[in-house]
K.L.:
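Questions regarding the structure given below will be posed in turn.
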Protein chains: 2
Amino acid sequence: MFKLSKKADYGLIAVKHLAMHRDEHACSATEIAEEYGISTMLMAKVLQKLARQRIVSAKHGASGGYLLAKEPSQITALDVISAIDGPVLITSCVTNHGNCGAADKCSVREPLRRVNESILSVLSTVTISHMSEEQHEPVLVELQT
Amino acid sequence: MFKLSKKADYGLIAVKHLAMHRDEHACSATEIAEEYGISTMLMAKVLQKLARQRIVSAKHGASGGYLLAKEPSQITALDVISAIDGPVLITSCVTNHGNCGAADKCSVREPLRRVNESILSVLSTVTISHMSEEQHEPVLVELQT
DNA sequence: TCGCGGTACGACCGAATTAGTCTTATATCT
DNA sequence: AGATATAAGACTAATTCGGTCGTACCGCGA
């Protein structure tokens with residue numbers, strides 16, 4: 001009911017970890033998983049999804065692991081979340097090929113679509129470097145009511 | 001993965017329906033359910049939850065039904081959603097009595113809490129009357145990065 | 001060149017959550 | 001009294017999600 005999936009959570013943790021160890025070494029899934037007490041297998045799967053979306057890049061072989069593929073300021077929370085969970089849609093009928101039976105009757109679709117847009121813009125405003133900084137300047141997000 | 005529950009969806013539909021028929025008559029669960037092709041039983045349960053939170057008021061007996069308990073401009077999307085699904089928390093560890101094992105290690109908790117705040121403020125900015133209007137003036141929402 | 005430490009990926013299972021139903025009780029209008 | 005509503009909780013079905021496993025592949029270093 002409106003929660004981030006744990007996998008997306010782990011993804012954010014992993015990306016932030018990589019951001020903090022940028023320019024040091026490639027971090028293996030095992031290394032990250034152990035640091036935060038998460039199953040290695042699961043963390044590996046999360047990182048694989050991030051790699052497929054080119055958010056991180058993988059290095060095979062001994063002393064391999066993952067590295068950020070972009071600057072931390074170029075990676076948004078939305079990037080990470082949608083890489084792992086697919087597109088962010090607050091309702092199932094927002095999509096075009098919506099199978100929401102009562103599509104034409106459903107009077108809340110349009111307003112909810114706008115709420116969805118606002119949430120997307122919140123999520124894409126927050127970058128990994130924002131999440132690492134300590135000071136937090138407020139930003140204004142435009143909301144179409 | 002970040003979706004509104006169907007029940008919350010139905011709740012918004014119901015509340016908007018009541019707003020449109022304000023000052024006409026009390027709408028029964030059956031009436032609303034049939035109009036949008038939803039099971040009567042389910043719609044009834046949703047309306048019961050809304051009644052318990054004093055968002056709508058119930059009238060028993062023949063020709064009874066539900067009425068809005070407040071002005072449409074005083075009911076926010078957040079009110080409706082949290083009446084049905086409970087408090088909106090994008091992560092499970094945002095809560096105080098958080099059982100998130102690695103609480104102290106979890107480096108993303110604080111930033112996510114701020115994202116959560118922003119989403120709450122988006123949801124509480126949108127009212128039922130907003131959802132019924134046609135014109136959509138943008139509103140600015142402050143986002144703590 | 002072989003083995004170890006790593007990623008890649010899909011199939012799979014069990015647990016948890018969510019959607020929806022049924023039943024019984026209670027209120028109120030006609 | 002009887003018809004029509006809501007109230008509420010127990011129950012079941014369906015779906016999603018978290019997590020595991022097995023197997024294949026890659027590449028560095030001894």
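Labels below follow one simple rule: chain letters A, B, ... track the order of the sequence lines, proteins then strands, and each chain is numbered from 1.
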K.L.:
Angle class for the A:H21/A:H17 ring planes (parallel below 30°, perpendicular above 60°, tilted otherwise)?
P.N.:
parallel
K.L.:
Is the backbone of B:V108 close enough, under 3.5 Å, to the side chain of A:K16 for a donor and an acceptor to pair up by distance?
P.N.:
no
K.L.:
For A:F2 and C:dT17, give me the distance from atom CZ to atom P, rounded to whole Å.
P.N.:
18 Å
K.L.:
Which nucleotides of nucleotides 23-30 of chain D have their base under 4.0 Å from a protein heavy atom (B), which only their sugar-phosphate (S), and which neither (-), written as one string 5' to 3'?
P.N.:
---BB---
K.L.:
Is there a donor-acceptor contact under 3.5 Å linking the side chains of A:D85 and A:S5?
P.N.:
yes
K.L.:
Give the rounded distance in Å between these two atoms: CD1 of A:I84 and P of C:dA8.
P.N.:
14 Å
K.L.:
Return the value, rounded to whole Å, for the distance between atom NZ of B:K7 and atom P of C:dG20.
P.N.:
8 Å
K.L.:
Using a heavy-atom distance cut-off of less than 4.0 Å, which residues of residues 45-52 of chain A contact DNA chain D?
P.N.:
A:K45
K.L.:
Considering heavy-atom distances to DNA chain D, does B:G64 or A:S39 have its closest nucleotide positioned more toward the 5' end?
P.N.:
B:G64
K.L.:
Among A:L67, A:L50, A:I75, which residue meets the side-chain contact (heavy atoms from CB on, under 4.5 Å) test with A:V56?
P.N.:
A:L50
K.L.:
Given that B:D85 and A:M41 both sit by DNA chain C, which one's nearest nucleotide is further toward the 5' end?
P.N.:
A:M41
K.L.:
Rounded to the Å, how far apart are A:Y66 OH and C:dG6 P?
P.N.:
12 Å
K.L.:
Tell me: CG of A:L18 to P of C:dT7, nearest whole Å?
P.N.:
11 Å
K.L.:
Nearest whole angstrom, please: distance from the P of C:dA8 to the CG of A:L42.
P.N.:
15 Å
K.L.:
Near DNA chain C, under 4.0 Å by heavy atom, which residues of residues 22-31 of chain A?
P.N.:
A:S28, A:A29
K.L.:
What's the OH-P distance between B:Y10 and C:dT18, to the nearest Å?
P.N.:
15 Å
K.L.:
For the pair B:H130 (side chain) and B:A77 (backbone), establish whether a donor and an acceptor sit closer than 3.5 Å, ignoring hydrogens and angles.
P.N.:
no
K.L.:
Mind listing the closest non-hydrogen atom pair of A:Y66 and A:A58 along with its distance?
P.N.:
CE2-CB, 3.6 Å
K.L.:
If you draw a 6.0 Å radius around CZ in B:R54, do more than 12 non-hydrogen atoms from other residues or ligands fall strictly inside?
P.N.:
no
K.L.:
Check step by step if salt bridge (charged side-chain N to carboxylate O under 4.0 Å, His left out) holds for B:R114 and B:E117.
P.N.:
CA-CA 5 Å; B:R114 290 197 299 273; B:E117 296 290 319; over 6 Å; no
K.L.:
Look up atom CD1 in B:I81 and atom CG in B:L12, then write down how far apart they are to the nearest 0.5 Å.
P.N.:
5.5 Å
K.L.:
Starting from P on D:dT20, measure out to CD1 on A:I38 and report it in whole angstrom.
P.N.:
11 Å
